Amino acid sequence: MPAPSHRAALVTLLTCAALVACGEALGPPVEPPVEPPAPPTPTTIQTLSGGGQRTVQGLSLADAIVVRVLDAQGRAMSGQAVTFTPAAGQGSADPASATTGSDGTAATHWTLGPDPGQHTITIDAENATTTVTAVALDLEAELDTLFMAPTDTEINAVRADWAARDFSAADPRVELAERLDLAGSEVDLRIVSHSVAGVRHYGAILVPDGAAEGSLPILAYLHGGDGGVSIGDIQVAAFALGELRDSFVYVIPSFRAEPLVHGDSVWVSEGPPSPWDYDVDDVLALVNVAIETAPEAKADSINVFGGSRGAGVALLAGVRDPRIARIVAFFGPTYFFDDWVREIVREAALRMPRELTGVAHLDSTFIQPHIRGEYSRGNMRLELVRRSSTLFARDLPAVQVHHGSIDQTVSVSQAEALIAAMEALGRGAPDFEAYIYEGAGHDVFDLRAAIPRAVAFLARALGAGASEVVPEDLVHLREHDK
């Protein structure tokens, strides 16, 4: 037998061999399990757009609030639940919750609460949070300030703006020339274009046959509405003038962004619309074209006839150009600071604009930008000033005004404002005549005796003997026709 020491060594050797064999049979040692990485969690919420807006209390913001959810590494997180919670009494969000898209963004529309002031909405995504603020405008308080009486500083600022404008006749062209029967008389019709304020403008000039050089006063016809003007429109005016129809060179401007139509032909003036403001520049520039290209025209006898929008433009043209001798204005706006205009602005601010000429333009260009805080109150007030001929009544030439007492398109308050301003200046007939027609609306044919009165007033432009056609009842500053 092996010695004891040899036996112990042998046992140890056999045990080790057995363990190695067992180890080989069982395979390699098992690694301890590795914990999977923790899923990413929202860490940051970015506001991409929609913060800091302003709107009227109780209305939805113009732009959606858009946010992006990021993890700790700044990666966008898709499929993440986001909630939008306005502070108590500060409106509602639609939707109140959303799931982020593949770019990690979510959006909501926020309708502000009924109280003015700063409003807050809280945005949550698990433990990440942020806030967005908006301002609810106190509409009535804003209107109180916006419609305060204009100051001399504001009026003088508008005068300075007007004085800096250039409405000279630039690059005039004849687009069409032909003969035309005008209410039974032959005239030369020219469709012309010219450049004013860098845009191409179109208009018409009509010259009666056989007139001597410098013998005919100019009569500019200014249309109402915002659908442009047709050469056919002057036929009614010429018919109303009767035997005087061959006594004028007629000027018919379109306004920028609007068409001039003759038969099947259409010419559209360039430039953005500018009711009552750059409309005036278009008129005065076309008058200058007529003076330069029609030898028969009397440069020192310019007369203007306008209805509705055209009447407002006519009065403003008379303020701006001392060459204008007389104006006939049918139911036009004269004062943009009265309660009628304030109510129109209020409705537009509440996103319910009236379907009236010029309102859509004023709403999109000035009112909504002002509500959003993008157009200052000071500039907004200047827009009202530059459309208010009443504020410049001292500069008006001879004027005759006609307005219906129940006009639902242009409130009779507009005529009344001009009447009050002229009375304050001591201006009356025959320099200023105004007629309010009881029970009449926004239609020249509803205004009894208005057409003969207008013809008699325009006849004075013809000089000697013209006064003989003035009816005896043209003696009151204001007359109510029954």
Side-chain angles (χ1 to χ4, degrees), residues 162 165-177 180 182 187-207 216-238 248-262 265-294 297 299 302-321 323-324 326-330 332 357-358 361 387 389:
W162 287 342
R165 295 190 187 180
D166 180 9
F167 49 83
S168 57
D171 189 22
R173 306 172 190 169
V174 176
E175 306 290 340
L176 177 146
L180 179 73
L182 182 65
V187 300
D188 287 322
L189 164 67
R190 291 196 300 276
I191 304 296
V192 300
S193 70
H194 59 94
S195 178
V196 54
V199 299
R200 202 81 195 158
H201 175 262
Y202 294 89
I205 301 170
L206 288 75
V207 181
L216 300 182
I218 291 172
L219 179 58
Y221 169 79
L222 310 187
H223 71 84
D226 52 15
V229 64
S230 169
I231 301 303
D233 295 347
I234 197 63
Q235 294 283 3
V236 177
F248 299 94
V249 169
Y250 298 91
V251 172
I252 310 172
S254 61
F255 299 134
R256 58 193 61 190
E258 295 181 0
L260 169 67
V261 179
H262 177 49
S265 300
V266 179
W267 298 265
V268 179
S269 291
E270 297 174 351
S274 181
W276 302 288
D277 184 15
Y278 278 93
D279 287 356
V280 178
D281 298 59
D282 296 340
V283 171
L284 299 180
L286 184 60
V287 166
N288 286 332
V289 173
I291 291 171
E292 291 187 11
T293 62
I302 302 171
N303 309 273
V304 187
F305 170 91
S308 197
R309 172 186 179 178
V313 176
L315 292 166
L316 290 165
V319 168
R320 290 179 53 185
D321 193 335
R323 298 175 302 172
I324 293 176
R326 64 191 62 250
I327 297 166
V328 175
F330 280 86
T357 297
H361 171 77
R387 289 167 169 80
S389 57

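As the structure is a prediction and not an experimental result, all values here were calculated from the model.
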**Request:** Quick one: pull up OG in S308 and CG in D226 and give me the separation to the nearest 0.5 Å.
**Result:** 10.0 Å
**Shortest non-hydrogen contact between V289 and I205, atoms and distance** = CG1-CD1, 4.1 Å
**Asked** Of the non-hydrogen atoms in H194 and A285, which two are nearest, and what is the gap between them?
**Response** CE1-CB, 3.3 Å
**Asked** Roughly how far, to the nearest 0.5 Å, is CG of D279 from OG of S269?
**Response** 10.5 Å
**Message:** Tell me whether D277 contacts the main-chain N or O of S274 through its side chain, where contact means a donor paired with an acceptor under 3.5 Å.
**Reply:** no
**Prompt:** Relative to Y202, does R173 satisfy both conditions: NZ or CZ under 6.0 angstrom from the six-membered ring centre, and within 45 degrees of the ring's axis?
**Reply:** no
**Message:** Taking F167's backbone N and O only, do any of them form a donor-acceptor pair with N288's side chain (distance below 3.5 Å, no angle check)?
**Reply:** yes
**Request:** Identify the heavy atoms of T357 and G225 that sit nearest to each other, and give their distance.
**Result:** OG1-CA, 3.3 Å
**Asked** What's the shortest heavy-atom distance between S254 and D282, and which atoms?
**Response** O-CB, 4.1 Å
**Complete:** Heavy-atom closest pair (T293 atom, R190 atom, distance to 0.1 Å) is O-NH2, 3.4 Å
**Item:** Distance in Å, S193 OG paired with D171 CG, rounded so as to fall on 0.5 Å steps
**Value:** 7.0 Å
**Prompt:** Mind checking whether H223 and F255 have ring centres under 6.0 Å apart?
**Reply:** yes
**Request:** Compare all side-chain heavy atoms of P253 with those of H201 and state whether any distance is below 4.5 angstrom.
**Result:** yes
